[in-house]
Each structure stands twice: as structure tokens, then as C-alpha cells.
Enquirer: 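Structure in C-alpha cells, see below.
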Amino acid sequence: MGREQIAAELLAQNAKHEDIGISAVLLPDGMKGYFFVECSKSLDMRHPALKVPNLRGLVEGEVEYEEVLQYLNPEPAMSNIVKGSIVELTTGPFKDEKAKVVRIDETKEEVVLELIEAAVPIPVTVKGDQIRLIQKEAE
């Protein structure tokens, strides 16, 4: 996990140079540890082109288009966040801290937060992809 992009890029590069039947490689954002490979024939993991670092195995089978569609058009990270929502920071110095949304700047995709557990309310500005929604604004 965490090396999906490297493995997918190396596999795509190897597929260009050798005819192993791979026509596309899809690396979805929300899916850790996996990526999709479109191919015209069955893949043999012993083939030299498939000897890619961090590529551990193969899950064979067909995936319906409707299942892959959600990864082709992902919804924006800030689509569900509104003023007053409770969020959790996922990265940075305040990682795992809970905060309340004070202001949203949609053009810059930034959110101004106020840390809940801080003794003094500190406004913190972070990117929208650095937070995770815990609770929407109370009705």
C-alpha cells in the first residue's frame, strides 16, 4: 500500500514496450492497494513485463462499468462540507484533531477551521483534501 502509483506507471511503461494485451491502467484515488488493468487476454504473472516492484499479485475477473464509473468522476473533496460542520484533520501538525468549519473558500479549495479541543480558539487554514467530515452542521 502506498506504492500503487509507482507500480501502475511501471506496468504501463512495460506494457507499451511488449505486447502483453494491456490496453489501459486505472489508478483510482480512493482505493488503497489496488489498481485496475484492462487487457484483452489473461495475464501470466510470470511474464517478465509483469515483474514490477511492489506488484504482489493479481485478482482476476471482470468489473462492470458502473462499478468503475465512480472512480472516473470522483466527487469533489469539499462537496459535503458546510459552515459549522465538524471535521477531522488528516495531515499536518494538527493531525487527528477535531475542528469546526468557520469559513469555506471554494475558489482556492481552502477551509478555515477552529480547533475544538484547543484552550484558545486558533483559526487554521487548510486545503479541502486535508480534512475528513465527521458530522454535518446540526440542524
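The structure presented is a predicted model; accordingly, all values stated were derived computationally and were not measured. Atom set for the values below is all heavy atoms of this structure, side chains included, hydrogens, waters and symmetry mates excluded.
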Enquirer: If Ile, Leu, Val, Met, Phe, Trp and Tyr residues are connected whenever their side-chain heavy atoms lie under 4.5 Å apart, and connections chain through other members, are Phe94 and Val112 in the same group?
Expert: no

Enquirer: Are Ile131 and Ile122 connected in the hydrophobic side-chain network, where two residues link if heavy atoms are under 4.5 Å apart?
Expert: yes

Enquirer: Tell me the closest heavy-atom pair linking Ile116 and Lys100, and the distance in Å.
Expert: CG1-N, 4.0 Å

Enquirer: Test of understanding: clusters of I, L, V, M, F, W, Y form through side-chain heavy atoms closer than 4.5 Å, transitively. Do Leu58 and Leu27 belong to the same one?
Expert: yes

Enquirer: May I ask whether Leu26 and Val63 are part of the same hydrophobic cluster, defined by side-chain heavy atoms of I, L, V, M, F, W, Y residues being less than 4.5 angstrom apart, directly or through others?
Expert: yes

Enquirer: Checking Ser85 side chain against Val101 main chain: does a donor-acceptor pair fall under 3.5 Å?
Expert: no

Enquirer: OG1 of Thr125 to CG of Leu113: how many Å apart, nearest 0.5 Å?
Expert: 7.5 Å

Enquirer: Between Glu9 and Gln5, do the side chains contain an N or O donor and an N or O acceptor separated by less than 3.5 Å?
Expert: yes

Enquirer: Quick check against the 3.5 Å criterion: does Glu114 have a side-chain atom that pairs as donor or acceptor with the backbone of Pro123?
Expert: no

Enquirer: Which pair of non-hydrogen atoms, one from Gly128 and one from Val111, has the smallest distance, and what is that distance?
Expert: CA-CG2, 4.4 Å

Enquirer: Please report the closest heavy-atom contact between Pro53 and Leu10, naming both atoms and the distance.
Expert: CD-CD1, 3.8 Å

Enquirer: Give the table of side-chain donor-acceptor pairs shorter than 3.5 Å for residues 38-49, with sequence neighbours excluded, one pair per line with atom names and distance.
Expert:
from, atom 1, to, atom 2, distance (Å)
Asp44, OD1, Arg46, N, 3.3
Asp44, OD1, Arg46, NE, 3.2
His47, ND1, Ala49, N, 3.0

Enquirer: Minimum heavy-atom separation for Lys127 to Lys108, with atom names?
Expert: NZ-O, 3.3 Å

Enquirer: To the nearest 0.5 angstrom, please state how far the CG atom of Leu115 sits from the NZ atom of Lys98.
Expert: 12.0 Å

Enquirer: Determine the minimum heavy-atom distance between Phe35 and Ala7, stating which atoms define it.
Expert: CE2-CB, 4.0 Å

Enquirer: Give me the atom names and distance for the closest heavy-atom approach of Pro28 to Tyr34.
Expert: CD-O, 4.3 Å

Enquirer: What is the distance from atom CG of Asp96 to atom OG1 of Thr90, rounded to the nearest 0.5 Å?
Expert: 8.5 Å

Enquirer: Please examine the side chains of Leu50 and Val52, heavy atoms only from C-beta on, and report whether any two atoms are closer than 4.5 Å.
Expert: no

Enquirer: Is there a path of hydrophobic side-chain contacts, each under 4.5 Å between heavy atoms, that joins Val102 and Leu89?
Expert: no

Enquirer: Decide if atom NZ of Lys83 counts as having more than 12 heavy atoms of other residues, nucleotides or ligands within a radius under 6.0 Å.
Expert: no

Enquirer: Nearest 0.5 Å please: distance from the NZ atom of Lys16 over to the CG atom of Leu11.
Expert: 12.0 Å

Enquirer: Test side-chain contact (heavy atoms from CB on, under 4.5 Å) on Leu72 and Tyr65 and set out the steps.
Expert: CA-CA 10 Å; Leu72 297 176; Tyr65 176 72; 4.2 Å; yes

Enquirer: Quick check for you: to the nearest 0.5 Å, what is the distance between Glu109 atom CD and Gln130 atom CD?
Expert: 11.5 Å

Enquirer: Should the heavy atoms of other residues, nucleotides or ligands under 6.0 Å from CD of Glu18 be counted, would the total exceed 12?
Expert: yes

